[in-house]
Novice: 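Sharing a structure below in structure tokens format, with a few things to ask.
Side chains included, hydrogens not; waters and symmetry mates left out as well; all remaining heavy atoms used. Just so you know, ligand 1 is whichever comes first in the structure, and atom 1 is the first atom listed for that ligand. Position 1 is the first residue of the sequence; numbering continues from there.
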Amino acid sequence: MKKQPIGIFDSGYGGLTVLREIVHKLPEYDYIYLGDNARSPYGNRSFETVYQYTLQCVKWLFSQGCPLIILACNTASAKALRTIQQNDLPLLYPENRVLGVIRPTTELIGNYSRTGSAGILATNGTVQSESYLIEIKKFFPKMNVHQEACPMWVPLVENNEYDGEGADYFIRKNIQNLLQKDRAMDTVLLACTHYPLLMKKIKQYLPEHIRVLVQGEIVADSLADYLRRHSELEKRCTRTGQTNFFTTDSAEDFDKHAEVFFGAKIRSMHVSGIS
Ligand code: DGL
């Protein structure tokens, strides 16, 4: 029987922090991870570029037999998901589905906050799209939501500086900026798949009473719920418990860096011709 894995896409390594939780929660399914490392980061790129790159990767994952794809990247979810869902999917693969990481967290964030004030830490692209502000308003119209773009955080993680002194300067600065926007803020969402790696330092600069939300577990729970509610699609996802990793850049480099995101050693394969 041909494998029909669940596709997990990210601009690079960050989506591995989401895949890790998904595999933990739903180990029976097959997964295929694609990191577009050759063109990452996406965080500062235009809407059109993020959309084109994401669509190319989505098409490749569909060509590998995926009935369902999760965009495990906030920037791609913010800038490409809606157009892909509304314009491309009905023409290309009407039976298949593409989901993002923004909706699962925006559906829940209000349940965590007592004061009704939350902060979003994200890439420039995610902040500019205002996707979090728009989506949270739908579920929690009275909530006050404040954003802070942290364009240096992904490069710090990608360059293995997440634990170094250089990281302190930027993390302190961005967190101070965010906190200044509303003293009542009691919940902060890490709205970028790389940021869980900075958790130690983020907690160091955030007051203790502020709750920090990460997306991995929330997205995994949401996927489990989605599969329960969509049995036709669920039946098409094969279950041999295998995960395969692909990168558009060097597989050797990917394997070197991936462990810190995924929590286990992996062996990836290079994929060319995605453009
Ligand atoms: N994975 C991206 C996100 O969650 C961050 C990395 C990038 O900028 O490409 O927004």
Side-chain angles (χ1 to χ4, degrees), residues 7-22 33-58 61 69-82 84 98-106 109 119-133 135 147-162 167 170-171 174 188-199 202 212-220 222 245-249 253-254 257-258 260-262 274:
I8 310 287
F9 167 72
D10 182 44
S11 57
Y13 300 107
L16 291 168
T17 63
V18 177
L19 176 63
R20 173 184 182 160
E21 299 301 333
I22 290 177
Y33 183 91
L34 174 63
D36 191 10
N37 297 74
R39 302 185 292 194
S40 79
Y42 282 9
N44 283 325
R45 295 192 188 276
S46 68
F47 264 90
E48 183 56 25
T49 302
V50 172
Y51 162 64
Q52 290 298 344
Y53 287 1
T54 306
L55 180 61
Q56 288 157 7
C57 291
V58 161
L61 283 166
I69 295 170
I70 311 290
L71 302 185
C73 172
N74 286 274
T75 311
S77 299
K79 291 188 158 182
L81 179 63
R82 186 177 297 235
I84 290 175
V98 182
L99 306 173
V101 287
I102 295 178
R103 175 87 184 249
T105 26
T106 55
I109 193 164
I120 307 292
L121 295 165
T123 63
N124 267 334
T126 301
V127 166
Q128 278 163 14
S129 75
E130 300 199 345
S131 298
Y132 276 93
L133 304 184
E135 290 295 317
Q147 308 190 94
E148 171 72 8
C150 314
M152 292 303 292
W153 291 19
V154 167
L156 284 168
V157 173
E158 297 260 322
N159 291 292
N160 251 326
E161 283 294 333
Y162 56 90
F170 291 103
I171 293 172
N174 289 127
V188 166
L189 172 68
L190 306 189
C192 171
T193 51
H194 278 62
Y195 296 176
L197 270 85
L198 297 164
M199 185 61 109
I202 291 169
V212 186
L213 297 182
V214 290
Q215 294 177 305
E217 258 182 77
I218 295 174
V219 172
S222 165
F245 299 86
F246 291 86
T247 173
T248 55
D249 208 340
D253 282 353
F254 190 84
H257 290 103
V260 63
F261 292 87
F262 192 57
I274 295 186

Novice: Ignoring hydrogens and angles, tell me if any N or O in the side chain of T17 forms a donor-acceptor pair with the backbone of T193 under 3.5 Å.
Specialist: yes
Novice: Apply the test side-chain hydrogen bond (donor to acceptor under 3.5 Å, both in side chains) to residues Q215 and N74: give CA-CA distance (whole Å), side-chain angles for both, the deciding distance (0.1 Å), then the verdict.
Specialist: CA-CA 10 Å; Q215 294 177 305; N74 286 274; 2.8 Å; yes
Novice: Evaluate the criterion side chain to side chain contact (heavy atoms under 4.5 Å, CB included) for residue pair V260 and L197; output intermediate values, then yes/no.
Specialist: CA-CA 8 Å; V260 63; L197 270 85; 3.5 Å; yes
Novice: Identify all N/O pairs between ligand 1 and the protein with a separation under 3.5 Å and present them as a table of atom names and distances.
Specialist:
residue: ligand 1; atom: 1 (N); partner: D10; partner atom: OD1; Å: 2.8
residue: ligand 1; atom: 1 (N); partner: T193; partner atom: OG1; Å: 2.9
residue: ligand 1; atom: 4 (O); partner: N74; partner atom: N; Å: 3.0
residue: ligand 1; atom: 4 (O); partner: N74; partner atom: ND2; Å: 3.4
residue: ligand 1; atom: 4 (O); partner: T193; partner atom: N; Å: 3.1
residue: ligand 1; atom: 4 (O); partner: T193; partner atom: OG1; Å: 3.1
residue: ligand 1; atom: 8 (O); partner: Y42; partner atom: N; Å: 3.4
residue: ligand 1; atom: 8 (O); partner: G43; partner atom: N; Å: 2.8
residue: ligand 1; atom: 9 (O); partner: S11; partner atom: OG; Å: 2.6
residue: ligand 1; atom: 9 (O); partner: Y42; partner atom: N; Å: 2.6
residue: ligand 1; atom: 10 (O); partner: T75; partner atom: N; Å: 3.2
residue: ligand 1; atom: 10 (O); partner: T75; partner atom: OG1; Å: 2.7

Novice: What orientation do F261 and H194 show, parallel under 30°, tilted 30 to 60°, or perpendicular over 60°?
Specialist: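 Correct class here is perpendicular.
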Novice: For F262, which of Y33, F245, F254 qualifies under ring pair (Phe, Tyr, Trp, His ring centres under 6.0 Å)?
Specialist: F245
Novice: Can you confirm whether the side chains of E48 and Q52 place a donor and an acceptor under 3.5 Å from each other?
Specialist: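 Result is yes, a qualifying pair exists.
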